[in-house]
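Nothing fancy with the numbering, it's 1 onward along the sequence. All of these numbers come straight from a predicted model, not from anything done at the bench.
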Amino acid sequence: KNHFNAVCAEAGVLTPGTAVLDFGAGRPSAAEVTFPFPIIVKPADSALHNKLTMQGKRKLYEIDDSTALEDLIDRLHAAGFSGEMLAQDRIPGDDILSVTIYRARNGEVTLARTSKVLLQDPRPAYLGIPDVQVVQDMPDVVEASRRILETADYHGFANLDAIRDPRDGSVKFFEVNPRYGRNCYYATGSGANVAEQLVSDLVENSPVTAPAPYDDLVYTVLPPQTIARLLPKGAERDGAAALVKRGRWADPLKYDGERNPKHKAYAQIAAWNHVRAYRGAPRIIGG
């Protein structure tokens with residue numbers, strides 16, 4: 001993740017201010033962060049951070065001042081963390097965006113879907129993972145994503161995270177995941193055939209462009225009837241509720257052809273367990 005900003009800079013794409021806190025070279029200092037607080041701190045290598053045993057460990061850390069940052073650095077250092085943490089400017093607002101793209105071997109982008117994130121998992125170990133998204137057409141975000149992948153000469157599926165900065169309307173990218181993950185299912189739900197992308201490109205050597213979505217779609221891992229209750233009043237809640245009412249929603253664990261009652265029960269239990277996580281928790285935005 002710490003090389004992502006360099007690629008974006010070369011591609012002419014904006015990113016949040018970032019400082020690398022390298023624990024491999026000793027105990028870093030909060031003074032290395034030269035942009036204003038509050039900030040977000042997250043591991044450059046998630047797998048290394050996941051192995052760490054530390055009280056108060058989170059997927060990412062929301063830090064309000066230098067004192068809190070020094071405390072986090074102390075705890076990470078005492079726990080033996082030897083990797084890198086990224087300290088990033090926390091962009092205000094909640095216009096969080098997700099982009100799912102497939103770039104074929106010939107350099108052509110054959111699948112591109114964009115969504116606005118409405119709810120993120122509030123549990124410490126899963127902060128930042130989208131629970132509810134709405135598929136929307138965002139050509140400027142797709143174009144910026146294309147430039148990033150082109151600059152890196154990247155081929156295959158990629159999922160990029162970005163935020164629209166309310167201070168100037170610009171889109172700033174802060175992460176790329178080199179895979180088609182669960183949260184990318186909004187692309188499948190809106191009509192993109194994932195297997196077709198891989199087979200046509202890598203087996204048949206003739207990439208096929210996925211059809212554009214004909215309508216907005218709600219992606220959810222929560223029971224769809226609970227979404228309106230969890231979102232604050234406003235146009236986003238009303239829009240999501242209207243899409244759900246029309247049946248325009250998709251859950252990665254729900255499959256109409258499923259016949260195994262155990263699988264069906266698991267999907268339902270998992271959805272309601274997600275709802276329980278929101279009880280008494282603030283709405284998680286930003287990242």
Side-chain angles (χ1 to χ4, degrees), residues 1 3-4 7-8 10-13 15 46-47 96-118 120 128-164 171 173-221 224 243 247-258 263 267 270:
K1 294 179 181 178
H3 301 297
F4 180 66
V7 173
C8 288
E10 185 178 347
V13 175
T15 57
S46 298
I96 310 297
L97 313 176
S98 173
V99 191
T100 296
I101 277 187
Y102 186 84
R103 185 171 185 262
R105 287 188 295 184
N106 64 4
E108 181 185 359
V109 171
T110 55
L111 182 154
R113 290 288 195 277
T114 47
S115 74
K116 168 115 183 249
V117 178
L118 301 186
Q120 292 178 303
I129 296 179
D131 280 348
V132 178
Q133 308 174 70
V134 175
V135 175
Q136 297 176 342
D137 188 26
M138 306 176 199
D140 60 327
V141 180
V142 170
E143 172 56 24
S145 302
R146 184 198 62 77
R147 295 204 309 272
I148 293 170
L149 300 187
E150 184 178 80
T151 299
D153 194 25
Y154 179 94
H155 305 283
F157 280 110
N159 176 240
L160 299 97
D161 297 326
I163 183 170
R164 199 177 294 275
V171 174
F173 285 75
F174 49 85
E175 189 170 270
V176 60
N177 297 295
R179 62 183 182 272
Y180 188 97
R182 183 199 74 176
N183 306 316
C184 301
Y185 187 74
Y186 62 83
T188 301
S190 59
N193 187 320
V194 176
E196 182 181 47
Q197 293 296 306
L198 293 169
V199 173
S200 64
D201 180 31
L202 304 179
V203 178
E204 299 174 347
N205 199 31
S206 181
V208 172
T209 299
Y214 68 87
D215 194 4
D216 290 353
L217 175 89
V218 173
Y219 160 98
T220 179
V221 294
L243 287 169
R248 293 290 298 162
W249 62 275
D251 182 330
L253 293 184
K254 298 291 179 66
Y255 172 50
D256 289 341
E258 181 61 73
H263 291 177

Asker: Which residues pass the ring-ring contact (aromatic ring centres under 6.0 Å, His included) test with F157, not counting sequence neighbours?
Answerer: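 Listed in chain order: Y102, Y180.
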Asker: From I163 CD1 over to T15 OG1, what is the distance, rounded to the nearest 0.5 angstrom?
Answerer: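 Nearest 0.5 Å value for the CD1-OG1 distance: 13.0 Å.
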Asker: In Å and rounded to the nearest 0.5 Å, what is the CG to OG1 distance from L243 to T220?
Answerer: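 Atom-to-atom, L243:CG and T220:OG1 are 12.0 Å apart.
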Asker: Hey, can you pull the donor-acceptor pairs under 3.5 Å for the side chains in residues 129-139, sequence neighbours left out?
Answerer:
| unit_1 | atom_1 | unit_2 | atom_2 | d |
| --- | --- | --- | --- | --- |
| D131 | OD2 | Y278 | OH | 2.7 |
| Q133 | OE1 | S115 | OG | 2.7 |
| Q133 | NE2 | N183 | O | 3.1 |

Asker: Are any non-hydrogen side-chain atoms of F4 and F174 less than 4.5 angstrom apart?
Answerer: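 Sidechains of F174 and F4: no contact.
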Asker: If you take all heavy atoms of A210 and A192, which pair is closest and at what distance?
Answerer: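 Scanning both residues, the minimum pair turns out to be CB-CB, 4.1 Å.
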Asker: In chain order, what residues pass the side-chain hydrogen bond (donor to acceptor under 3.5 Å, both in side chains) check against D140, with sequence neighbours excluded?
Answerer: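 Listed in chain order: R164.
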Asker: Could you tell me the separation between the CZ atom of R182 and the CG atom of L253, rounded to the nearest 0.5 Å?
Answerer: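 If I round to the nearest 0.5 Å, the distance is 7.0 Å.
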Asker: Taking atom CH2 of W249 and atom OH of Y219, what is their separation to the nearest 0.5 Å?
Answerer: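 Reported value, rounded in 0.5 Å steps: 12.5 Å.
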Asker: Not counting sequence neighbours, which residues clear salt bridge (Lys or Arg N to Asp or Glu O under 4.0 Å) with K116? List them please.
Answerer: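 Residues passing salt bridge (Lys or Arg N to Asp or Glu O under 4.0 Å) with K116: D95, E236.
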Asker: Tell me, please, which residues at least two apart from S98 pass side-chain hydrogen bond (donor to acceptor under 3.5 Å, both in side chains).
Answerer: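 side-chain hydrogen bond (donor to acceptor under 3.5 Å, both in side chains) check on S98 returns N159, Y186.
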Asker: Name the residue from N177, V99, V142, T114 that meets the side chain to side chain contact (heavy atoms under 4.5 Å, CB included) definition with L160.
Answerer: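 Single pass found, and it is V99.
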Asker: With sequence neighbours left out, write down each residue that passes salt bridge (Lys or Arg N to Asp or Glu O under 4.0 Å) with E10, or none if nothing qualifies.
Answerer: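 E10 satisfies salt bridge (Lys or Arg N to Asp or Glu O under 4.0 Å) with no other residue.
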Asker: Counting C-beta onward and ignoring hydrogens, is there a side-chain heavy-atom pair between V117 and L97 closer than 4.5 Å?
Answerer: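 No. Closest side-chain heavy atoms not under 4.5 Å.
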Asker: Which residues satisfy the side-chain contact (heavy atoms from CB on, under 4.5 Å) test with E143, sequence neighbours excluded?
Answerer: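 So E143 forms a side-chain contact (heavy atoms from CB on, under 4.5 Å) with R146, R147.
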Asker: Let me confirm one number: the OG1-CZ distance from T100 to R113, rounded to the nearest 0.5 Å.
Answerer: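 Rounded to the nearest 0.5 Å, the OG1-CZ separation comes out at 9.5 Å.
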Asker: Suppose the criterion is salt bridge (Lys or Arg N to Asp or Glu O under 4.0 Å): which pairs have a residue in residues 191-200, not counting sequence neighbours?
Answerer: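 Non-adjacent pairs meeting salt bridge (Lys or Arg N to Asp or Glu O under 4.0 Å): zero.
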Asker: Shortest non-hydrogen contact from V13 to A144?
Answerer: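 Closest pair (atom of V13, atom of A144, distance): CG2-O, 3.7 Å.
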Asker: Restricting to side-chain contact (heavy atoms from CB on, under 4.5 Å), what partner residues turn up for Y154, sequence neighbours left out?
Answerer: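 Applying side-chain contact (heavy atoms from CB on, under 4.5 Å) to Y154 gives L149, A152, A158, P178.
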Asker: Determine whether a donor-acceptor pair (N or O, by modelled atom type, separation under 3.5 Å) exists between the side chain of R248 and the backbone of D216.
Answerer: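 Indeed, once roles are kept as given, a pair shorter than 3.5 Å links the two residues.
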Asker: With rounding to the nearest 0.5 angstrom, report the SG to CZ distance, C184 to R179.
Answerer: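 Here the rounded value is 8.0 Å.
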Asker: Which residues pass the side-chain contact (heavy atoms from CB on, under 4.5 Å) test with P207, not counting sequence neighbours?
Answerer: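 Only A104, N106, E108, T110, D201 meet the side-chain contact (heavy atoms from CB on, under 4.5 Å) criterion with P207.
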Asker: As a quick check of understanding, evaluate side chain to side chain contact (heavy atoms under 4.5 Å, CB included) for F173 and S145, giving each step before the final call.
Answerer: CA-CA 9 Å; F173 285 75; S145 302; 3.3 Å; yes
Asker: By side-chain contact (heavy atoms from CB on, under 4.5 Å), which residues pair with N205, not counting sequence neighbours?
Answerer: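 Listed in chain order: R105.
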Asker: Residues two or more places apart in sequence or in another chain: which of them pass salt bridge (Lys or Arg N to Asp or Glu O under 4.0 Å) with D153?
Answerer: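 Expected list: R103.
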